[in-house]
Amino acid sequence: MAKALSMADALFAKLETSILDGALAPGAQMPTQKIIAETEKVSRTVVREAVARLEAQGLVVSRQGSGVYVAEDARYRAFQVTRDELSELADVIRLLEMRLAIEAEMAAFAAARRTTEDVGAMRAALRRMAQFSDDPVAAAAADVEFHLAIARATRNDYFVRLIDFLGLRLVPPRNLYLRNKPVGAHEAYVAKVRAEHEAILDAITRMDVPRARQAAWDHMQESLNRHSELSDDANDDPQTALP
């Protein structure tokens with residue numbers, strides 16, 4: 001069963017690539033399951049599984065009595081970052097690289113447009129982070145709320161929707177970086193992250209656009225550096241992968 005599933009995964013990835021790079025054009029009819037099975041030298045069961053996943057992702061549509069067709073908007077499907085895609089340290093680092101660019105400009109816009117209520121929401125989130133500093137899950141949720149408050153302060157709903165979508169994916173698990181570290185290391189980590197967040201909040205409060213941009217960039221760069229250091233040891237310690 002596991003082998004069939006892995007073959008279905010491989011076929012799905014191959015067909016997905018063909019659709020997204022335009023080899024299978026929008027609106028084009030897919031080859032029949034029999035032809036795909038013969039061409040790819042896999043069973044019909046494997047083909048059905050792969051095609052079902054394509055349909056679930058909105059890449060193809062089935063038409064009764066006609067066949068399966070590439071969706072017209074297949075190449076413009078909604079952006080996604082799934083939990084499965086963040087199962088490895090390298091994937092976390094790639095997400096942090098994306099956030100490095102986004103969060104810096106988001107903080108800059110927030111500094112220019114924030115209201116008193118926005119600042120209050122950011123402060124409340126940081127208070128919750130401090131309150132739950134011994135609870136990584138609760139602290140991570142408060143961390144997300146802080147970044148979501150910044151997004152709302154931009155007055156740009158696209159920032160809000162992106163940060164809301166990413167949710168807890170924004171905050172890599174603390175135990176990934178602090179695995180097997182003493183209590184003191186955890187406390188130092190919490191203090192450092194708190195200081196980075198406070199710097200962002202102070203700049204936004206003062207409506208200092210350049211400083212807000214730099215503070216957010218510094219915060220994300222520090223996180224990226226921490227996890228990049230882990231990546232150097234990943235080949236020697238397979239336990240560095242996310243649980």
Side-chain angles (χ1 to χ4, degrees), residues 78-83 85-86 91-178 186-228 242:
F79 173 76
Q80 295 186 57
V81 178
T82 67
R83 179 64 181 173
E85 289 176 302
L86 296 179
D91 298 317
V92 173
I93 290 172
R94 281 191 282 269
L95 179 60
L96 289 171
E97 288 175 345
M98 182 187 78
R99 287 186 58 203
L100 182 66
I102 293 171
E103 298 266 359
E105 293 309 311
M106 190 171 77
F109 283 120
R113 302 168 181 173
R114 63 87 176 155
T115 65
T116 301
E117 290 75 16
D118 293 323
V119 172
M122 293 175 215
R123 289 193 187 283
L126 291 190
R127 281 196 298 271
R128 284 193 293 276
M129 283 187 69
Q131 179 184 354
F132 298 116
S133 61
D134 294 331
D135 182 342
V137 174
D143 195 336
V144 172
E145 280 301 314
F146 175 72
H147 290 277
L148 193 54
I150 294 174
R152 292 191 181 107
T154 68
R155 299 293 172 276
N156 183 329
D157 189 52
Y158 290 117
F159 279 124
V160 178
R161 287 160 60 183
L162 176 61
I163 300 304
D164 187 48
F165 166 74
L166 289 174
L168 288 175
R169 300 176 188 83
L170 286 172
V171 186
R174 188 191 302 178
N175 67 335
L176 177 64
Y177 176 65
L178 297 173
H186 286 254
E187 293 173 346
Y189 173 87
V190 169
K192 182 171 179 53
V193 171
R194 181 184 302 129
E196 292 169 6
H197 282 144
E198 289 286 358
I200 298 170
L201 176 56
D202 184 65
I204 291 175
T205 301
R206 296 175 185 275
M207 303 188 81
D208 188 329
V209 172
R211 194 155 65 89
R213 180 185 290 113
Q214 187 63 50
W217 192 93
D218 289 343
H219 172 50
M220 293 310 310
Q221 186 63 57
E222 283 296 316
S223 184
L224 183 56
N225 289 345
R226 286 191 288 267
H227 291 85
S228 294
L242 284 171

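Positions are given from 1, in the same order as the sequence printed here. What you are looking at is a predicted structure, and each value in this text was computed from that prediction instead of being measured.
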*Backbone N or O of Ala104 within a donor-acceptor pair of the Arg213 side chain at under 3.5 Å?*
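Flag not set: sc Arg213 to bb Ala104 has no pair under 3.5 Å.
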*Please check if the side chain of Ser223 supplies one atom and the backbone of Met220 the other of a donor-acceptor pair under 3.5 Å.*
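No, Ser223 side chain to Met220 backbone: no donor-acceptor pair under 3.5 Å.
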Over all atoms of both residues, closest heavy-atom pair of [X] and [Y]:
{"X": "Leu148", "Y": "Asp164", "value": "CD1-N, 3.9 Å"}
{"X": "Ala111", "Y": "Val209", "value": "CB-CA, 4.0 Å"}
{"X": "Arg211", "Y": "Ala199", "value": "NH1-O, 4.4 Å"}
{"X": "Arg128", "Y": "Ala142", "value": "CB-CB, 3.8 Å"}
{"X": "Arg155", "Y": "Asp118", "value": "NH2-OD2, 2.8 Å"}
{"X": "Ile204", "Y": "Arg114", "value": "O-NE, 3.3 Å"}

*NZ/NE/NH1/NH2 to OD/OE distance under 4.0 Å, Glu198 and Arg194*: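 Salt bridge flag = no for Arg194 with Glu198.
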Could you tell me the separation between the [atom1] atom of [X] and the [atom2] atom of [Y], rounded to the nearest 0.5 Å?
{"X": "Met98", "Y": "Leu162", "atom1": "CE", "atom2": "CG", "result": "5.5 Å"}
{"X": "Ile150", "Y": "Glu145", "atom1": "CD1", "atom2": "CD", "result": "11.5 Å"}
{"X": "Arg127", "Y": "Arg123", "atom1": "CZ", "atom2": "CZ", "result": "8.5 Å"}
{"X": "Met129", "Y": "Asp135", "atom1": "CE", "atom2": "CG", "result": "12.0 Å"}
{"X": "Gln131", "Y": "Leu126", "atom1": "CD", "atom2": "CG", "result": "12.5 Å"}

*For Leu224, which residues count as a side-chain contact (heavy atoms from CB on, under 4.5 Å) partner, sequence neighbours excluded?*
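Only Ile93, Leu96, Glu97, Leu100, Gln221, Ser228 meet the side-chain contact (heavy atoms from CB on, under 4.5 Å) criterion with Leu224.
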*Can you spot which of Lys192, Gln214, Glu196, Glu103 makes a side chain to side chain contact (heavy atoms under 4.5 Å, CB included) with His219?*
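That would be Glu196; it is the only one of Lys192, Gln214, Glu196, Glu103 passing the side chain to side chain contact (heavy atoms under 4.5 Å, CB included) with His219.
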*Close side-chain approach of His197 to Asp143, heavy-atom, < 4.5 Å*: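 Yes - at least one pair of side-chain heavy atoms lies under 4.5 Å apart.
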_Beyond-backbone contact of Phe132 with Val137, side-chain heavy atoms, under 4.5 angstrom_ =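 They are not in side-chain contact.
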